[in-house]
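Structure, as structure tokens:
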Amino acid sequence: MSTLQNAIRVEALFSDIDVHAKQFAAESKLTCPVGCGRCCENPDIETTVIDMLPLAVHLKDKGRLDEVAMSLPHTLTDACVFFEKHAGEGGGRCTVYRYRPSICRLFGFAASRDKNQNPILAACKVHKQSQPEVVENAKREVEARRLNPPLFSTYAGRLDDIDPVLANRHYPINVALLLAIEKIALLPS
């Protein structure tokens with residue numbers, strides 16, 4: 001498949017993630033505080049190149065590919081360049097929300113698996129602090145399999161099915177974006 005076709009397939013996967021995460025959020029009653037963004041401030045967030053293809057295509061379509069590519073080398077190990085911080089601690093917004101990668105879509109509303117393959121809720125620190133009872137209830141319901149959270153491994157596997165080469169390695173989010181931009185920049189206009 002072509003890089004553009006893969007980007008379209010990734011966007012379709014993002015839609016699936018959004019539906020599943022929204023359903024889980026409604027059933028679990030987990031919510032992010034309005035305008036939180038603490039997860040976006042973390043410079044240790046990693047993702048894959050395939051996860052960043054839709055954003056790179058969007059940037060190319062908007063004529064911003066070169067501009068963003070030129071700014072990235074200065075911020076490769078920083079928090080996501082598309083997080084616009086507001087005044088105060090933990091406030092801000094994603095300026096490319098529609099094109100954010102799967103980790104951003106799943107964070108705080110997904111589960112990993114333990115050594116016995118049982119789902120374990122991966123609640124974020126803000127959820128644990130701001131709504132501890134809701135988090136504990138959601139954990140119990142997930143462990144009892146009465147709630148079906150999105151699984152990080154399921155969606156990682158689906159990305160791998162789209163392109164195992166571009167999905168096989170995690171990079172800091174800005175590095176993954178730069179690599180995706182390089183892939184998209186090579187495509188004919």
Side-chain angles (χ1 to χ4, degrees), residues 10-48 50-52 54-55 77-162 167-174 176-177:
V10 172
E11 280 196 78
L13 176 62
F14 286 172
S15 294
D16 292 349
I17 291 171
D18 292 346
V19 167
H20 197 171
K22 185 176 181 179
Q23 178 183 358
F24 177 70
E27 291 171 355
S28 68
K29 310 280 190 272
L30 286 168
T31 60
C32 291
V34 175
C36 176
R38 284 209 179 143
C39 53
C40 301
E41 294 175 344
N42 185 344
D44 299 324
I45 300 298
E46 291 188 346
T47 191
T48 61
I50 189 119
D51 236 341
M52 301 304 280
L55 176 54
T77 59
D78 293 345
C80 181
V81 296
F82 290 107
F83 179 66
E84 184 178 87
K85 190 172 171 70
H86 294 164
E89 185 180 326
R93 70 181 187 95
C94 175
T95 60
V96 292
Y97 190 79
R98 178 176 171 201
Y99 302 98
R100 72 199 187 283
S102 61
I103 185 65
C104 303
R105 294 165 190 276
L106 292 167
F107 191 81
F109 298 94
S112 56
R113 291 196 182 272
D114 67 14
K115 65 182 179 181
N116 298 316
Q117 298 303 306
N118 296 313
I120 297 180
L121 181 65
C124 83
K125 187 189 315 185
V126 173
H127 284 167
K128 290 176 186 175
Q129 292 171 347
S130 66
Q131 48 193 320
E133 301 85 17
V134 174
V135 169
E136 286 306 312
N137 185 56
K139 280 183 178 180
R140 282 191 302 274
E141 294 297 300
V142 166
E143 289 168 8
R145 298 189 185 231
R146 289 186 291 265
L147 279 179
N148 178 31
L151 293 169
F152 287 110
S153 58
T154 298
Y155 290 106
R158 289 182 60 192
L159 285 167
D160 190 63
D161 289 343
I162 295 170
N168 74 348
R169 185 162 177 212
H170 285 78
Y171 299 92
I173 195 164
N174 295 331
L177 176 58

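The two residues Pro54 and Tyr99 come nearest to each other via the heavy atoms O-CD2, 3.8 Å. Residue Ser102 comes nearest to Phe14 through the heavy atom pair N-CE2, 3.7 Å, listed as atom of the first residue, atom of the second, then distance. Of all heavy-atom pairs between Arg105 and Arg98, the closest is NH2-O, 2.6 Å. When all heavy atoms are compared, the tightest approach of Ala138 to Ser28 is CB-CB, 4.0 Å. The two residues Phe109 and Leu30 have their closest heavy-atom pair at CE2-O, 3.4 Å. Residues Cys94 and Phe83 come closest through the heavy atom pair N-CD1, 4.4 Å.
Between Ile103 atom CD1 and Cys39 atom SG the span is 9.0 Å, to the nearest 0.5 Å. To the nearest 0.5 Å, atoms OH (Tyr171) and OG1 (Thr48) are separated by 9.5 Å. For the atom pair CZ (Arg93) and SG (Cys40), the distance works out to 11.5 Å, reported to the nearest 0.5 Å. Atom CD1 of Ile45 is separated from atom CZ of Phe107 by 6.0 Å, given to the nearest 0.5 angstrom. With rounding to the nearest 0.5 Å, the separation of NZ in Lys125 from CG in Asn42 is 9.0 Å. Considering CG of Leu151 and OG of Ser112, their distance stands at 8.5 Å, rounded to 0.5 Å.
The shortest side-chain heavy-atom distance between Arg145 and Asn118 falls under the 4.5 Å cut-off. Put simply, the side chain of Lys29 does not reach to within 4.5 Å of the side chain of Asn137, judged on heavy atoms. The shortest side-chain heavy-atom distance between Ile17 and Leu13 falls under the 4.5 Å cut-off. No side-chain heavy atom of Ile120 sits less than 4.5 Å from a side-chain heavy atom of Val142. Counting only heavy atoms from C-beta outward, the side chains of Val126 and Pro33 approach each other to under 4.5 Å.
In summary, Asp18 and Arg100 engage in a salt bridge, as defined by a charged side-chain N under 4.0 Å from a carboxylate O. The pair Arg140-Glu143 does not meet the salt-bridge criterion, since no charged nitrogen lies less than 4.0 angstrom from a carboxylate oxygen.
With a 6.0 Å radius and a threshold of 12 heavy atoms from other residues, nucleotides or ligands, Arg169 has its CZ atom at or below the threshold.
The backbone N or O of Asn116 lies less than 3.5 Å from a partner atom in the side chain of Asp114, making a donor-acceptor pair. Checking side-chain atoms of His127 against main-chain N and O of Thr31 turns up a donor-acceptor pair under 3.5 Å. For Glu27 (side chain) and Leu147 (main-chain N/O), no donor-acceptor pair under 3.5 Å exists by modelled atom type. Side-chain atoms of Asn174 come within 3.5 Å of backbone atoms of Ala79 as a donor-acceptor pair (strictly under, hydrogens ignored).
Applying the side-chain contact (heavy atoms from CB on, under 4.5 Å) criterion to Asn148, with sequence neighbours excluded, gives His20.
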